[in-house]
Protein chains: 2
Amino acid sequence: MADRNDNDAIQTTNTSFEIIHALQELGPARLSTIADRLGLAESTTHRHLQTLSDLRYVSRDGDRYQIGLRFARLGRAAQTRDPAYEMAKPHVQELAEETGERAQFVVEDHGLGIYLHVETGSRAVRVGFGVGRQIHLHSSSAGKAILAHSPRERVDDILDQWGLPAHATNTITDRDALYDELETVRERGVAFNREEHVDGLNGTAVPVKRDGRAVGALAVAGPSHRLTGEWFEDEVPSMMLAAANELELNVTYASDASSTDHIVE
Amino acid sequence: MADRNDNDAIQTTNTSFEIIHALQELGPARLSTIADRLGLAESTTHRHLQTLSDLRYVSRDGDRYQIGLRFARLGRAAQTRDPAYEMAKPHVQELAEETGERAQFVVEDHGLGIYLHVETGSRAVRVGFGVGRQIHLHSSSAGKAILAHSPRERVDDILDQWGLPAHATNTITDRDALYDELETVRERGVAFNREEHVDGLNGTAVPVKRDGRAVGALAVAGPSHRLTGEWFEDEVPSMMLAAANELELNVTYASDASSTDHIVE
DNA sequence: GAGATGATTCCACAGAGCGGAACTACTAAG
DNA sequence: CTTAGTAGTTCCGCTCTGTGGAATCATCTC
């Protein structure tokens, strides 16, 4: 066959997840819609949906299929796979209160940044980047904080895999420019995002380290007109540094006596 | 073949999810451990893990595999698949504050109750039943509130599927007894759980209805020695009823103008 | 009732997933 | 430095299973 595509992944599993992704995007949808969208036979689509429904990962209401609530469980399992992740939550809440802006905890997986906690302060901008959201690391303050404290080799791999696509007018799209930026971040201990991810949105972040490696980053984001001057460049960062410092102590301490954290099914 | 098991589900998809479930329970695990546990050939396991890793639903660190953070996204999609679910969150928070106990929002899917929001009040009992947790409906206050406002036919189906297993000393394990109980719940508008799910734990819940059907239930749970008397039987229920009432108004109103809630990938 | 639409079941075929065996990469030990 | 031993990866042929098309069934609509 000519179509020796990507690599040899299991096609059936891919198809099942394609259907799940379709449901994620479409919301409640009918079988034929999904089959059309993915270019699958209706019989095939039907069997996948049947299987996924048996597994409770798809719900069905009449002739509408939608994503199953069992995924809440797996999502939760992901969010708590490292005890450090849960420890970050109160600090995110505190930062949201102190700054009044949106505070986040972001970690890296497969070269992307994933929002694990999001708290909105009193005057924070509206939703849109909720928990679970995936972003490129090169164009966000949290991402740069993480990259700055990752081995150069790993950074290269990530950039190879995802490139440096432009998301906003100030996005850093040049590799060397990014390396310089990461050097600055390392020196200052704080990363800034000046409308690099979304126009009109600034952000700043600090890494949370364990054993020298960044396990994630604490970040604060808000409209660029409000996040400016000393508030943006000094005051907010020092709040985050204080939080990160405390968090790092918890995380490091807990990793010694972590055995009790295991949760059995 | 003799083994015409359950029905004809897609075996490959089942296997992939079995591996995911194994990772969920084991935490970081090595390939051979997973293969052993599931009775699969290592080569097969390897291919599944490879595929799931390409999809970013499995992460790999050296020779340890674990659940991927991308599931946080699907979990979030499940948690927000109905806009009503998000509207419940502030009410849960308020109930947790007012009562000081653990407050929850539970919905039904595939005949099980799923915790979508959990907030712990100042003196609430420690974790263990977090977001995403799945419980039988017959043995919890929230479950009974939901069942009481579901069509009899649906209740039968659910009981057929899941039975009435005993979880604690007071669990209702008799079908007719449960029907009587549901009738009481309908009359009072409130459901109670007196150590039916976990010994030492009481709970109470009210349904949240839309168009006559229960979309979920608001519940409060706490140690049986603290949840007693008027506080348990009147005061807490009236707080919940007030919250549910307000929530129902939001939910019903929002369902008219819901088109703007759609979130695009 | 007839017609259309969509979901479900049936079926035959070939492609895809499977397990066993061979191979490679690391460690540990002697 | 060599030799086992362990765990992960790749290879390969077989067969079984997932696939799409067609036929059937269920629901609405006009």
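Below, chains carry the letters A, B, ... as their sequence lines are ordered, and counting in each starts from 1.
Atom CG in B:Leu38 sits roughly 12 Å away from atom P in C:dC18 (whole-Å rounding). When rounded to the nearest whole Å, the span between CD of B:Gln11 and C1' of D:dG18 equals 11 Å. Atom CD1 in B:Ile10 sits about 19 Å away from atom P in C:dG15, given to the nearest Å. When rounded to the nearest whole Å, the span between NE2 of A:His48 and P of D:dT17 equals 15 Å. For the pair B:Arg47 CZ and C:dG15 C1', the computed distance is 13 Å after rounding to whole Å. Atoms CD (B:Glu42) and P (C:dC23) sit 17 Å apart, rounded to a whole Å. In this structure, CG of B:Leu52 is placed 14 Å from C1' of C:dG17, rounded to the nearest angstrom. We find that CG of B:Leu40 is positioned 15 Å from P of C:dG17, with the value rounded to whole Å.
Mapped onto DNA chain C by nearest heavy atom, B:Gly39 and A:Leu31 fall at different nucleotides, with A:Leu31 at the one closer to the 5' end. A residue-by-residue look at A:Thr15 and B:Arg30 shows that B:Arg30 has its nearest nucleotide of DNA chain D further toward the 5' end.
Salt bridge B:Arg210/B:Asp82: present, at least one basic N to carboxylate O contact under 4.0 Å. A salt bridge between A:Arg175 and A:Asp180 is absent, with no side-chain N of the basic residue lying under 4.0 Å from a carboxylate O of the acidic one. Of the charged side-chain nitrogens involved, none lies within less than 4.0 Å of a carboxylate oxygen, so that A:Glu86 and A:Lys89 do not count as a salt-bridged pair.
Ring geometry for A:His167 versus A:His136: interplanar angle under 30°, hence parallel rather than tilted (30 to 60°).
Phosphate contact (OP1/OP2 of D:dT17, side-chain N/O of B:Thr12, threshold under 4.0 Å): absent.
No hydrogens or angles were tested; on distance alone, a donor-acceptor pair under 3.5 Å links the side chain of B:Ser43 to the base of C:dG20.
Listed candidates were D:dG18, C:dT8, D:dT10. Nearest to the side chain of B:His46 is D:dT10.
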